[in-house]
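Note sheet for the following structure.
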Amino acid sequence: AAAFAQRLADAGVACPVISVGSTPACAAADKFPGVTEIHPGNYTFYDRQQVAVGGCQEGDVGVTVLTRVIGHYASHMLCDTGSLAVSKDVAPQDQAFGAVA
């Protein structure tokens, strides 16, 4: 990113902000020379997707949700928490909104 910003500057195009980031990139690097800002994704907490792709271990996930199970069915459980408290996206590895421990 910094090299591309330099190419822009050489062509007369100002590039005052050099922004990069993703969870895997932030987990793999601790220095970002020439970069003015990083967007670490969910790196600060991790999630089930990062566990699935090997970016972290289950014990590295920094957020859990405690909720009550208010209904139990053969294929699922009903909890008294909103879906955003668990996840807004299903995990591709198992098409579920969360894991029950």
Side-chain angles (χ1 to χ4, degrees):
F4 184 69
Q6 185 58 53
R7 288 178 58 195
L8 289 174
D10 293 345
V13 178
C15 187
V17 177
I18 303 169
S19 180
V20 299
S22 68
T23 296
C26 290
D30 60 356
K31 292 185 177 24
F32 298 88
V35 172
T36 58
E37 67 181 24
I38 60 170
H39 298 269
N42 66 11
Y43 167 72
T44 55
F45 297 115
Y46 287 123
D47 64 10
R48 294 180 64 234
Q49 178 63 28
Q50 291 305 311
V51 172
V53 300
C56 67
Q57 300 296 316
E58 192 169 307
D60 296 325
V61 177
V63 174
T64 58
V65 175
L66 178 64
T67 185
R68 294 181 303 166
V69 175
I70 58 174
H72 185 265
Y73 306 95
S75 63
H76 65 281
M77 290 181 279
L78 180 62
C79 298
D80 68 348
T81 187
S83 62
L84 287 180
V86 181
S87 177
K88 66 179 183 170
D89 301 311
V90 295
Q93 69 269 21
D94 58 16
Q95 294 299 304
F97 284 102
V100 177

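Just so it is clear, the values below take in all heavy atoms, side chains as well, and ignore hydrogens, waters and symmetry mates.
Minimum interatomic distance between Asp60 and Cys56 (heavy atoms only, all atoms of both residues): OD2-CB, 3.5 Å. Nearest approach of Val20 to Ala1, heavy atoms of both residues: CG1-CB, 3.3 Å. Taking each heavy atom of Ala2 and Ile18 in turn, the nearest pair found is N-CG2, 4.1 Å. The two residues Thr23 and Pro40 make their nearest non-hydrogen contact at OG1-O, 3.2 Å.
Using a 4.5 Å cut-off between side-chain heavy atoms of Ile, Leu, Val, Met, Phe, Trp and Tyr, with links allowed through other members, Tyr73 and Ile70 fall into the same hydrophobic cluster.
In this structure Glu37 satisfies the side chain to side chain contact (heavy atoms under 4.5 Å, CB included) test together with Val17, Ser19, His39, sequence neighbours excluded. Here Asp10 pairs with Gln6 under the side chain to side chain contact (heavy atoms under 4.5 Å, CB included) rule; sequence neighbours left out.
For residues 44-66, every residue pair satisfying the ring pair (Phe, Tyr, Trp, His ring centres under 6.0 Å) rule, not counting sequence neighbours, is listed here: Tyr43-Tyr46.
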